[in-house]
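Step one of this worksheet: look at the structure below.
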There are 2 protein chains.
Amino acid sequence: MKIAMLGAGGWGTTLAILLQENGNDVTLWEFNAEYSRTLNQFRENFYYLPDIKIPSQVKITNNLTEAVSRKDIIVISTPTQFIRNSFAEIQNFNFGNSIILNVSKGIENKTNLTVSGILLDIFKQIEKKNIACLSGPSHAEEVARKIPTAVVCASENIENCKIVQKVFSNKNFRVYRSDDLTGTELGGALKNVIAITTGIADGIGFGDNTRAALITRGIQEIMRIGKKMNAREETFYGLSGIGDLIVTCTSKHSRNRFVGEEIGKGRSLKEILKDLKKVAEGVATAKSVHFLSEKLNVEVPIMEQVYKILYKGKNPLKATEELMTRKLKEEY
Amino acid sequence: MKIAMLGAGGWGTTLAILLQENGNDVTLWEFNAEYSRTLNQFRENFYYLPDIKIPSQVKITNNLTEAVSRKDIIVISTPTQFIRNSFAEIQNFNFGNSIILNVSKGIENKTNLTVSGILLDIFKQIEKKNIACLSGPSHAEEVARKIPTAVVCASENIENCKIVQKVFSNKNFRVYRSDDLTGTELGGALKNVIAITTGIADGIGFGDNTRAALITRGIQEIMRIGKKMNAREETFYGLSGIGDLIVTCTSKHSRNRFVGEEIGKGRSLKEILKDLKKVAEGVATAKSVHFLSEKLNVEVPIMEQVYKILYKGKNPLKATEELMTRKLKEEY
């Protein structure tokens, strides 16, 4: 199949290589003209995916219109906050029946939209049934090293999922399918708030018990929000929900977990963010969740405490004690 | 309340101390007469819970009948495989309306019974409504160090759960309640098989993606067995299910994970078990699951591959490839 990968970060580059090795015709679009030339010349993504060779068959371009023309699948691997501005050039492009597959995770800060929502907002010509997403526990560097990985593809049109399954799957990368696009996107978008909480717990010096409890009760909170947005409960117990949450909350690489850890050690958010060069999405998402949960009238005690710690200067130990001593209740 | 703790392992000792500190009258029974005297003399459980003081108010005894007499709650913290033989002396004891609370996890090898099943089998005078269990992600040494921990108490009689909640909860230990006794017991009993698989993956050199996928798909397999045994689906997504599974699969302390890791590195099961001084329950449970899944007609592809690796000498890499290349399917 002819596939465009829009965004040459670590994940986009990894998937471009995987798709080429699976026998597809792949075009990788990089936003920055100079970095696009560097990628083409050295066939390595030094900054985002060092030590991995990009096969010569993968076309690398900085021309967006050329990248998306005559493609069966157009993959969006651009960071969520940049999607709206990056695609102005192709705003009126006729995508026909191409599958628009989102592999980025997040919520747009200003609008509280997930990626499919942003895409439908900026491309009025796209039908929702042609949008799919791919999500799950998948560190790019591990997939690039051919470590066994399982993810899920979701779309309202299950036939699109079947195509994505065939195109992406191989003996190291297994794709399940689901018809719950909203739920699949939300899991990946909201997990970073819980990752901050487990980081805080680690920073204070709490243990494995605390982390497991936060993950388990955390997915319940994410699910409660999801259900109000018509997502299916079971989706949050799958690869894009609890699976991705586990990876993020136990990984040393997660920036969100790191921000939490530093807060748990007593540093201020302002100071941490000043030192941090890359974005920690969960910090903004915590604010979105605060307003979203109020609007939807959903109880999210853990994520609410994170909001108070990040934005109201609440003491993490006091927040923990409040969580532990709430009224005793049923698990469900 | 007057509480008997039957079994002075790490978990029994930890909970005895917690209950005493919560203001209860606690009797701790130790099976071995000599070790019982040592515990009493030094007020420390050197072998199972070093460096933690046992308060003088906790009565320590080797007399089982005395331990269980006139108690509101009798807690079973004896290893699953030893329960049947340990309690012969009190087989006809009149427990009255005491709550029998099981805090051990496992399946009896010969009978495939969970602990409540064993208890009902050996004590014909006990009514099932008086049995409860307490389970969840709770390393004893962390609870003893007052690390925040959340668990669930389950009983068919929810009033018993409410009593257990009140008696055990404090600002570091939070107890939820559930009426699904079977599901709560099964999560803790079957998790060790999945812990072996994540160990194998770690031993081979796979990564965080693989572990998260095995945990996520693993809880589905445990749940499928549970549903056939009339457990509730949601229980497996709670603290006693996925919560405990996360702790076991990510902990450096789990013996089951360790056994898997050594297999993943290429050692034989026989050799590993010879070196291992303590029991790795999951090795026996994998066999129980193999027969149980056949009897119940449940598909458990991951746990079936573990059985083949442990008992049929199957190559772990071959098993992984078979799991990854099965027919592409829906997530649920």
Side-chain angles (χ1 to χ4, degrees), chain A residues 136-139 142-143 145 147-152 158 162 165-166 169-178 201 205-213 215-217 219-220 232 234-244 246-247 250-251 253 320-321 323-326 328-332, chain B residues 136-139 142-143 145 147-152 158 162 165-166 169-178 201 205-213 215-217 219-220 232 234-244 246-247 250-251 253 320-321 323-326 328-332:
Chain A
S138 47
H139 286 314
E142 292 193 0
V143 175
R145 283 168 43 223
I147 297 291
T149 301
V151 298
V152 62
I158 207 75
K162 288 181 184 172
Q165 282 186 297
K166 269 191 207 153
S169 292
N170 60 41
K171 73 188 174 75
N172 307 308
F173 195 78
R174 182 166 169 81
V175 183
Y176 288 84
R177 66 177 173 269
S178 157
F206 293 157
D208 295 347
N209 295 356
T210 321
R211 190 191 304 120
I215 294 173
T216 308
R217 298 303 304 174
I219 197 70
Q220 293 296 322
R232 278 218 313 277
E234 61 192 15
T235 303
F236 298 95
Y237 298 134
L239 294 160
S240 62
I242 192 88
D244 202 7
I246 292 168
V247 145
T250 58
S251 165
H253 308 295
T320 308
E321 188 172 331
L323 282 173
M324 295 299 287
T325 54
R326 285 181 310 137
L328 295 172
K329 51 200 284 186
E330 304 198 339
E331 187 172 30
Y332 290 98
Chain B
S138 47
H139 286 314
E142 291 192 0
V143 175
R145 283 168 44 221
I147 297 291
T149 301
V151 298
V152 60
I158 207 74
K162 289 182 184 170
Q165 283 186 296
K166 269 191 207 153
S169 292
N170 61 42
K171 73 187 175 75
N172 307 307
F173 195 78
R174 182 167 169 82
V175 184
Y176 289 84
R177 65 177 175 269
S178 156
F206 293 158
D208 294 347
N209 294 357
T210 321
R211 189 191 305 120
I215 294 173
T216 308
R217 298 302 303 172
I219 198 71
Q220 293 296 323
R232 278 218 314 277
E234 61 191 14
T235 303
F236 298 95
Y237 298 132
L239 294 161
S240 63
I242 191 88
D244 202 5
I246 292 168
V247 144
T250 57
S251 166
H253 308 295
T320 308
E321 190 173 330
L323 281 174
M324 294 301 287
T325 55
R326 286 181 310 137
L328 294 172
K329 52 200 283 187
E330 304 197 340
E331 187 172 30
Y332 289 98

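Keep in mind that the numbers below use all heavy atoms, side chains included, and drop hydrogens, waters and symmetry copies. Chain identifiers are assigned alphabetically (A, B, ...) following the order of the sequence lines, protein sequences preceding nucleic acid strands; residue numbering begins at 1 within each chain.
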Apply side-chain hydrogen bond (donor to acceptor under 3.5 Å, both in side chains) to B/Arg232 and list each qualifying residue two or more places apart in sequence or on a separate chain. B/Asp179, B/Glu234
Residue part contacting chain A, namely of B/Phe173, when any heavy atom lies under 4.5 Å: backbone
Which one, A/Ala201, A/Ala212, A/Ser178, leads in non-hydrogen pairs under 4.5 Å with chain B? A/Ala212
Considering only heavy atoms and a distance below 4.5 Å, find which of A/Tyr237, A/Phe206, A/Phe236 pairs most often with chain B. A/Tyr237
Let me know if B/Ile215 has heavy atoms under 4.5 Å from chain A in its side chain, its backbone, both or neither. side chain
Does the B/Tyr332 side chain pair with the main chain of A/Gly238, one donor and one acceptor, at a distance under 3.5 Å? yes
Picking from A/Thr210, A/Asn170, A/Val151, which has the most non-hydrogen pairs under 4.5 angstrom with chain B? A/Thr210
Identify which of B/Arg145, B/Arg326, B/Glu142, B/His139 forms the greatest number of heavy-atom pairs closer than 4.5 Å to chain A. B/Glu142
Could you tell me which residues satisfy side-chain contact (heavy atoms from CB on, under 4.5 Å) with A/Lys171, sequence neighbours excluded, listed by chain and number? B/Glu321, B/Thr325
Between A/Gly205, A/Ser138, A/Ser240, which shows the greatest number of heavy-atom pairs under 4.5 Å with chain B? A/Ser138
Considering only heavy atoms, which portion of B/Asp244 lies under 4.5 Å from any heavy atom of chain A: side chain, backbone, both, or neither? neither
Expected output: side-chain B/Arg211 to main-chain A/Ile246 donor-acceptor under 3.5 Å: no
Steps toward side chain to side chain contact (heavy atoms under 4.5 Å, CB included) verdict (A/Tyr176, B/Glu330): CA-CA 5 Å; A/Tyr176 288 84; B/Glu330 304 197 340; over 6 Å; no
At a heavy-atom distance under 4.5 Å, which candidate from B/Asp208, B/Asn172, B/Ile219, B/Asn209 has the highest pair count against chain A? B/Asn209
Given a strict heavy-atom distance threshold of 4.5 Å, which part of A/Val143 is in contact with chain B: side chain, backbone, both, or neither? both
Is B/Gln165 reaching over with its side chain to a backbone N or O of A/Leu328, donor-acceptor style, under 3.5 angstrom? no
Taking all atoms of both residues into account, what is the closest heavy-atom pair of B/Pro148 and A/Thr320, and its distance? CG-CG2, 3.9 Å
Honestly, the part of B/Val175 sitting under 4.5 Å from a heavy atom of chain A is backbone
Can you tell which part of B/Thr149 gets under 4.5 Å to a heavy atom of chain A, answering side chain, backbone, both or neither? both
Flag, side chain of A/Glu331 to backbone of B/Thr235, donor-acceptor distance under 3.5 Å: no
Most contacts with chain A, counted as non-hydrogen pairs under 4.5 angstrom, among B/Gly207, B/Ala213, B/Ala150, B/Ser251: B/Gly207
